[in-house]
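The basis for the numbers below is simple: all heavy atoms, side chains too, and nothing from hydrogens, waters or symmetry mates. Numbering starts at 1 and runs along the sequence shown. In this text, all values refer to a predicted model and were calculated from it rather than measured experimentally.
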Amino acid sequence: MKNYDKYEIQYFMPPECTYDWVKKDHITKPPIWCSVDLRDGNQALIEPMSLDEKLNFFRMLVEVGFKEIEVGFPAASETEYNFMRALIERNMIPDDVTVQVLTQAREHIIKKTFEAVEGAPHAVVHLYNSTSVAQREQVFHKDKDEIKKIAVDGAVLLNDLAAQTPGNFSFEYSPESFPGTEVDYAVDVCNAVLDVWQPVPENKVIINIPTTVENAMPHVFATQIEYIHKHLKYRDAVTISLHPHNDRGCGVSDAELGLLAGGDRIEGTLFGNGERTGNVDIVTLAMNMFTHGVDPGLDFSNIPSIRERYEHYTRMEVPPRQPYAGDLVFTAFSGSHQDAISKGMAYRKDNNTNLWNVPYLPVDPMDVGRTYDADVIRINSQSGKGGVAFVLKNNFGIAMPKTMSEQVGYLMKDVSDHEHKELSPVEVYDIFKEHYLLFSPKFTITECHFKQEDGIQAEVTVKNYEDGSEKIARAGGNGRFDAVSNALKEHFGITYEVITYEEHALSRKSTSKAMAYVGLSKDDFSYWGCGMDEDIIKASINALVVAVNKVLAQES
């Protein structure tokens, strides 16, 4: 590409780099979660949420299990201010939930913010100002000391107003535009703010590190966070919070490595909504922990419901490939993937194991409110025999012989390819029924009688569809099925070999239907038929009729 040379690295490595975070192989406990959907997420919407929508969204976040929720920027608009007041005056904030509000380090905005949170049972007042080189030089035209003074003056005002305002308050500070800030300078500003607040372990404050515009690789961010973790004052009285954005598509990686490096808390949104490319997706983060055997402390056991409400309130859409929540994230179209999933599911059942290790599925879809039938294996022109067999068995109880499934799989691929579409489970069943349960263009058997005489003797009435005639065919055999087969051979003057006969019940009830499968071989080609009836003998004869019809159709 052209113009690559006008870009350069705009982040700063710490003056001292340590890599203790590299030695940790996974996150062992969940962070403190803070949803910023109602502030950061809402301000990024084309049409911000109404008051009622924000109230409903707040209720949903509480249901999911969030204990800290940033509800808005009260000084930004009347809706934001009224939302904060509604939560307080309607007594909607549960005892174990802390709300959070954002304010710039500007006197009139801070004062308006405290008016909004007056009487709050517990609210975090989140103070920020920009500290990056670009902001200092291009926007504020101030040096480092002047920028630090903005933060310190804001921290002093928070102390003063918190003492004067009814309610229960704690504080948070963010060096906004941190990715473009010298790391040691960011620590210097944060420590100056901490010196004002003088936190103690019994009343911690939050230092939030935002990747306001993500510009560094995740390992660089982790190294920066580790430096901050080791150089902040009052560390045992400080909660280090991370607020990753996703400009490089690495928001989740930044968050995970940042937690390994000393982060205690995550600010993010459901499904990653937020400015530009969005915030870190808390659903993905939490479910990543879940798949490592760590309880994330948030309840995403019904992601479809959460997603539906999220899309309704925000008018945003969750992409089909969004981790854990998209329409297609558990779906296999590939034949080899379908076969592996099908065998993996069978392995779990056969071995009665609770551990989840099914190929291609990092999480059990049932754990997030999805289903195997509708979500896991879907059929199109890329599908294979394993996928088709899985759909027929799981949806309709049809357990085809393995030697039959390849032919059925190719049939479904061919139909999907010619029609240029995915086949639903019902369409798969209808095609199967047409070709293997009901296929009888040449003849059918209208009556069948047996008697015991030198083995089993069968007398069958064969109705010829070409002229409508009915004729009796008789033959003996070593069983009822064999006798009927011999009668049809003599009647039509054909030969074939029965290579497969299988049967099973479609359910465990005594009145359930039986399913029979018959495979015939003639001239090195296989012909399959299926039969379904409450009487297994009738089911097997019906299957034989379909298979012989296929032989006759091939020869005509």
- Is it true that atom CE of Met217 has more than 12 heavy atoms of other residues, nucleotides or ligands lying nearer than 6.0 Å? no
- Item | Heavy-atom closest pair, residues Met289 and Pro30 | SD-CA, 3.9 Å
- Are Lys463 and Phe443 in a cation-pi setup, meaning NZ or CZ lies under 6.0 angstrom from the ring centre and within 45 degrees of the ring axis? no
- Message: With a 3.5 Å distance limit and no angle check, can you tell me whether Glu226 reaches the backbone of Trp21 through a side-chain donor-acceptor pair?
- Response: yes
- Query: Taking the six-membered ring for Trp, are His337 and Tyr360 parallel (under 30°), tilted (30 to 60°) or perpendicular (over 60°)?
  - Reply: parallel
- Message: Do Lys442 and Tyr465 form a cation-pi contact, if we require the NZ or CZ to be under 6.0 Å from the six-membered ring centre and within 45 degrees of the ring's axis?
- Response: no
- Less than 4.0 Å between a side-chain N and a carboxylate O, is that true for Arg474 and Glu459? yes
- Item | Verdict with supporting geometry, Val408 and Met400, side chain to side chain contact (heavy atoms under 4.5 Å, CB included) | CA-CA 9 Å; Val408 177; Met400 294 183 293; 3.5 Å; yes
- Short N-O contact, Glu311 and Arg315, less than 4.0 angstrom: no
- Message: Among Ile282, Val97, Ile32, exactly one meets side chain to side chain contact (heavy atoms under 4.5 Å, CB included) together with Phe66. Which residue is that?
- Response: Ile282
- Message: Please determine whether the number of non-hydrogen atoms from other residues, nucleotides or ligands lying under 6.0 Å from atom NZ of Lys489 exceeds 12.
- Response: yes
- Determine the minimum heavy-atom distance between Phe481 and Ser540, stating which atoms define it. CE1-O, 3.7 Å
- Considering the options Glu53, Lys54, Gln43, which one meets the side chain to side chain contact (heavy atoms under 4.5 Å, CB included) requirement together with Leu38? Lys54
- Give a yes or no answer on whether the side chain of Asp535 reaches the backbone of Ile537 with a donor-acceptor pair at less than 3.5 Å. yes
- Query: Is the closest side-chain heavy-atom distance between Val358 and Tyr347 below 4.5 Å?
  - Reply: no
- Just wondering, are more than 12 heavy atoms of other shown residues or ligands nearer than 6.0 Å to NE2 in His292? no
- With distance as the sole test, does Ser521 use its side chain to make a donor-acceptor pair with the main-chain N or O of Asp524 at under 3.5 Å? no
- Query: Between Ser416 and Met412, is there a donor-acceptor pair closer than 3.5 Å when you use the side chain of the first and the backbone of the second?
  - Reply: no
- Item | Non-hydrogen atoms of Ile536 and Met515 that approach each other most closely | CD1-O, 4.3 Å
- Measure across Leu506 and Ile398 and return the closest heavy-atom pair with its distance rounded to 0.1 Å. CD2-N, 4.4 Å
- Nearest 0.5 Å please: distance from the CD atom of Glu470 over to the CD1 atom of Ile472. 8.0 Å
- Message: Is it the case that the side chain of Asn395 and the backbone of Val391 share a donor-acceptor pair, with hydrogens and angles ignored and the cut-off at 3.5 Å?
- Response: yes
- Axial cation check for Phe330 ring with Arg370, 6.0 Å and 45° limits: no
- Glu63 vs Asp299 side-chain heavy atoms within contact, under 4.5 Å: no
- Can you tell me how far the CD1 atom of Ile499 sits from the CE atom of Met404, to the nearest 0.5 Å? 11.0 Å
- Item | Given Asp40, Asp254, Thr212, Thr211, the one that forms side chain to side chain donor-acceptor pair (under 3.5 Å) with His243 | Asp40
- Message: Does any part of the side chain of Asn302, heavy atoms only, come nearer than 4.5 Å to the side chain of Val368, both counted from C-beta?
- Response: no
- Message: Once rounded to the nearest 0.5 Å, what's the spacing between atom CZ of Phe221 and atom CD1 of Ile209?
- Response: 7.5 Å
- How about Asp417 and Val415: do any of their side-chain heavy atoms sit closer than 4.5 Å? no
- Message: So which atom in Val484 and which in Cys448 form the shortest heavy-atom distance, rounded to 0.1 Å?
- Response: CG2-SG, 3.8 Å
- Query: When rounded to the nearest 0.5 angstrom, what distance separates CG in Asp247 from OG1 in Thr277?
  - Reply: 4.0 Å
- Apply side chain to side chain contact (heavy atoms under 4.5 Å, CB included) to the pair Ser526 and Thr403, showing each step before the final yes or no. CA-CA 9 Å; Ser526 298; Thr403 47; over 6 Å; no
- Query: Is the shortest side-chain N to carboxylate O distance from Arg265 to Glu267 below 4.0 Å?
  - Reply: yes
- Give a yes or no on whether His312 atom NE2 has more than 12 heavy-atom contacts from other residues, nucleotides or ligands under 6.0 Å away. no
- Item | Heavy-atom side-chain proximity of Phe390 to Met345 below 4.5 angstrom | yes
- Query: So how far is it from Ile27 CD1 to Asn288 CG, rounded to the nearest 0.5 Å?
  - Reply: 8.0 Å
- Item | CG on Asn42 to CG on Asp37, rounded to 0.5 Å | 9.5 Å
- Task: Answer yes or no: is there a donor N or O on one side and an acceptor on the other, between the side chain of Asp467 and the main chain of Ser469, under 3.5 Å?
- Result: yes
- Item | Heavy-atom closest pair, residues Trp33 and Pro296 | NE1-O, 2.7 Å
- Query: Got a salt bridge between Lys513 and Glu534, using NZ or NE/NH1/NH2 to carboxylate O under 4.0 Å?
  - Reply: no
- Just by modelled atom types, is the Lys402 backbone N or O under 3.5 Å from a matching donor or acceptor in the Ser405 side chain? yes
- Task: Start with the C-alpha distance between Arg307 and Asp327, add both sets of side-chain angles, then the distance that settles side chain to side chain contact (heavy atoms under 4.5 Å, CB included), and finish with yes or no.
- Result: CA-CA 11 Å; Arg307 171 186 161 181; Asp327 284 340; 2.8 Å; yes
- Item | Worked verdict on Glu256 versus Leu260 for side chain to side chain contact (heavy atoms under 4.5 Å, CB included) | CA-CA 7 Å; Glu256 291 184 329; Leu260 293 178; over 6 Å; no
- Task: Please check if atom NZ in Lys393 has more than 12 non-hydrogen atoms from other residues, nucleotides or ligands closer than 6.0 Å.
- Result: no
- Query: Any side-chain heavy atom of Asn273 sitting closer than 4.5 Å to one from Asn279?
  - Reply: no
- Task: Keeping the roles fixed (side chain from Lys451, backbone from Ile456), state whether a donor-acceptor pair exists under 3.5 Å.
- Result: no
- Query: Would one find more than 12 heavy atoms of other residues, nucleotides or ligands at under 6.0 Å from atom CD of Glu502?
  - Reply: yes
- Message: Using side-chain heavy atoms (C-beta onward) and a distance below 4.5 Å, is Asn56 in contact with Phe58?
- Response: no
- Query: Between the main-chain N or O of Ser305 and the side-chain N or O of Glu308, is there a donor-acceptor pair closer than 3.5 Å?
  - Reply: no
- Show the numbers, then the answer: is there a salt bridge (charged side-chain N to carboxylate O under 4.0 Å, His left out) between Glu214 and Arg248? CA-CA 6 Å; Glu214 183 187 39; Arg248 299 181 77 250; 5.4 Å; no
- Message: Taking the cut-offs as 6.0 angstrom to the six-membered ring centre and 45 degrees off its axis, would you call Lys550 and Tyr436 a cation-pi pair?
- Response: yes
- How about Gln457 and His449: do any of their side-chain heavy atoms sit closer than 4.5 Å? no
- Message: Please check: side-chain N/O of Asp281 versus main-chain N/O of Phe271, any donor-acceptor pairing under 3.5 Å?
- Response: yes
- Message: Under a 3.5 Å cutoff, is there a donor and acceptor pairing between the side chains of His504 and Tyr517?
- Response: yes
